[in-house]
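Everything numeric in this text was worked out from a predicted model, so none of it was measured.
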Amino acid sequence: MIQEVNQSNKLEKFKNAVFAEIDTKRVQIEMETAALKETQLEINKDNQLNNMYSLIQNNIKDIKKQCRKEVSKFDLQAHREVLLKRAEITNKVFGDVTKRLTDFCKTAKYYDFLKNGIIKVLEDNTIKEPTIFLCQRDMDFADKIKSDVTKSVLVLCSDDILIGGFICKSDKNNVYFDETLDDKITEQKQLFAQNSRLCLTVD
């Protein structure tokens, strides 16, 4: 009888020891599981933060790209407007100049201007068998020029001269002098464009 009681006590102790160990393992597993969940949550949070940061950076790049595009578009438009304004002013200024020169070419003083210019070129340079080119209107002066200059010259018409003045040319010693009013206006237009200060400035 006593032996049966002892055996029962041993079994009870063994059972309690087994359940105690099971409880210990359960608690340990629960703690490890909780720690794993916490770690996974931190990883997920970091991943979300990284994804958000990448999204923000990409949005910033897109915004900068769009801003650069808009600035370039503005620069191009502003530059185009400046060029159009400069062309408008240039045409107005030199339209007036061209009219005044054309009117001058119809006065009595114009022939002296033309003759003196031809004489100066011929006297200041060594020109063999010179040819003088005039516009169609000035061909009325051809015979007078031949008689007034000290050197024998050939006078021909040039369709390239629209306003007035003359071109002196010689194929014998390869010389060419453009003393046309057309050329003078072209030169002044270029100087005007360079010095008009109509340029684009973007801060």
Side-chain angles (χ1 to χ4, degrees), residues 64-203:
K64 286 182 176 180
K65 183 178 179 181
Q66 185 64 29
C67 286
R68 283 194 295 269
K69 185 184 294 184
E70 291 297 326
V71 169
S72 296
K73 183 179 179 181
F74 169 78
D75 288 350
L76 183 62
Q77 181 63 28
H79 187 63
R80 184 182 294 112
E81 290 176 0
V82 167
L83 292 178
L84 290 173
K85 188 64 177 177
R86 182 167 66 187
E88 178 186 341
I89 294 174
T90 300
N91 289 336
K92 184 179 186 308
V93 169
F94 286 94
D96 294 341
V97 171
T98 299
K99 184 180 184 306
R100 291 173 63 185
L101 288 175
T102 302
D103 291 341
F104 168 70
C105 292
K106 299 174 183 177
T107 66
K109 293 181 180 180
Y110 173 65
Y111 176 73
D112 289 335
F113 166 81
L114 185 65
K115 176 192 69 177
N116 293 336
I118 294 172
I119 291 173
K120 180 172 175 55
V121 168
L122 294 176
E123 289 180 350
D124 292 349
N125 303 277
T126 301
I127 304 175
K128 298 178 180 179
E129 300 181 15
T131 299
I132 303 298
F133 292 92
L134 305 175
C135 67
Q136 181 64 51
R137 181 196 63 241
D138 292 345
M139 286 302 293
D140 292 341
F141 300 134
D143 292 336
K144 196 172 182 182
I145 287 172
K146 290 178 184 179
S147 64
D148 286 346
V149 301
T150 57
K151 200 166 190 176
S152 176
V153 296
L154 176 65
V155 180
L156 298 176
C157 177
S158 171
D159 292 334
D160 293 331
I161 306 174
L162 301 177
I163 302 173
F166 67 95
I167 294 172
C168 181
K169 179 181 177 182
S170 173
D171 294 331
K172 288 292 183 180
N173 54 340
N174 196 29
V175 295
Y176 184 92
F177 295 93
D178 189 339
E179 296 295 326
T180 63
L181 297 177
D182 306 65
D183 185 62
K184 303 306 178 189
I185 286 182
T186 300
E187 290 179 358
Q188 290 303 311
K189 273 187 177 181
Q190 293 173 350
L191 289 173
F192 179 80
Q194 293 171 5
N195 300 311
S196 62
R197 299 184 182 276
L198 287 173
C199 57
L200 176 65
T201 301
V202 178
D203 295 329

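- Side-chain contact check for Val121 versus Phe166: some heavy-atom pair is nearer than 4.5 Å.
- Classification of the Tyr111-Phe141 ring pair by plane angle, with boundaries at 30° and 60°, yields tilted.
- Look at Asp96 and Arg100 and you find no salt bridge, because none of the NZ, NE, NH1 or NH2 atoms lies under 4.0 Å from a carboxylate O.
- Side-chain contact check for Asn173 and Ser170: at least one donor-acceptor pair (N or O, by modelled atom type) lies under 3.5 Å.
- In terms of heavy-atom proximity, Cys135 sits nearest to Cys157 at C-SG, 4.2 Å.
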Step by step, work out the side chain to side chain contact (heavy atoms under 4.5 Å, CB included) result for Lys120 and Asn116. CA-CA 6 Å; Lys120 180 172 175 55; Asn116 293 336; over 6 Å; no
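- Interatomic distance, CD1 of Ile163 versus NZ of Lys99, reported as 13.0 Å (0.5 Å rounding).
- Proximity of Met139 to Val155: side-chain heavy atoms (C-beta onward) are separated by under 4.5 Å at one or more points.
- Annotation for Leu162 and Arg137: closest pair O-NH1, 4.4 Å, computed over non-hydrogen atoms.
- For the residue pair Phe104 and Thr107, the shortest heavy atom distance occurs at O-OG1, 2.6 Å.
- Counting non-hydrogen atoms of neighbouring residues, nucleotides and ligands closer than 6.0 angstrom, the CD atom of Glu187 exceeds 12 such neighbours.
- Atom SG of Cys105 sits about 5.0 Å away from atom CG of Leu181, to the nearest 0.5 Å.
- How far CG of Asp138 is from CG of Leu114: 5.5 Å, rounded to the nearest 0.5 Å.
- Summarising the geometry, atom NZ belonging to Lys172 is positioned 15.5 Å from atom OG1 belonging to Thr126; distances are rounded to the nearest 0.5 Å.
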Would Gln188 and Val97 satisfy side chain to side chain contact (heavy atoms under 4.5 Å, CB included), going step by step from the backbone distance to the final call? CA-CA 10 Å; Gln188 290 303 311; Val97 171; over 6 Å; no
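- Atom CD1 in Ile132 sits 10.5 Å away from atom CZ in Phe177 (nearest 0.5 Å).
- Crowding of Asn174 atom CG: a count of heavy atoms from other residues, nucleotides or ligands under 6.0 Å not exceeding 12.
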Salt bridge (charged side-chain N to carboxylate O under 4.0 Å, His left out), that's the test. Do Lys144 and Asp148 meet it? Break it down for me. CA-CA 6 Å; Lys144 196 172 182 182; Asp148 286 346; 5.2 Å; no
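- Listed for the Thr186 side chain is a donor-acceptor partner under 3.5 Å among the backbone atoms of Asp182.
- Minimum interatomic distance between Lys169 and Asp171 (heavy atoms only, all atoms of both residues): CE-OD1, 3.3 Å.
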CA sep, side-chain torsions, deciding dist, call: Ile185, Thr98, side chain to side chain contact (heavy atoms under 4.5 Å, CB included): CA-CA 8 Å; Ile185 286 182; Thr98 299; 3.5 Å; yes
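- Heavy-atom minimum distance, Lys151 versus Ile127: NZ-O, 2.6 Å.
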Show, in sequence, the C-alpha distance, side-chain angles and deciding distance for Ile161 and Leu134, and conclude whether the side chain to side chain contact (heavy atoms under 4.5 Å, CB included) test is met. CA-CA 7 Å; Ile161 306 174; Leu134 305 175; 5.5 Å; no
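- The distance from the OH atom of Tyr110 to the CG atom of Leu101 is 10.0 Å, given to the nearest 0.5 Å.
- Of the possible polar contacts, none joining the Lys184 side chain to the Gly165 backbone as a donor-acceptor pair under 3.5 Å is found.
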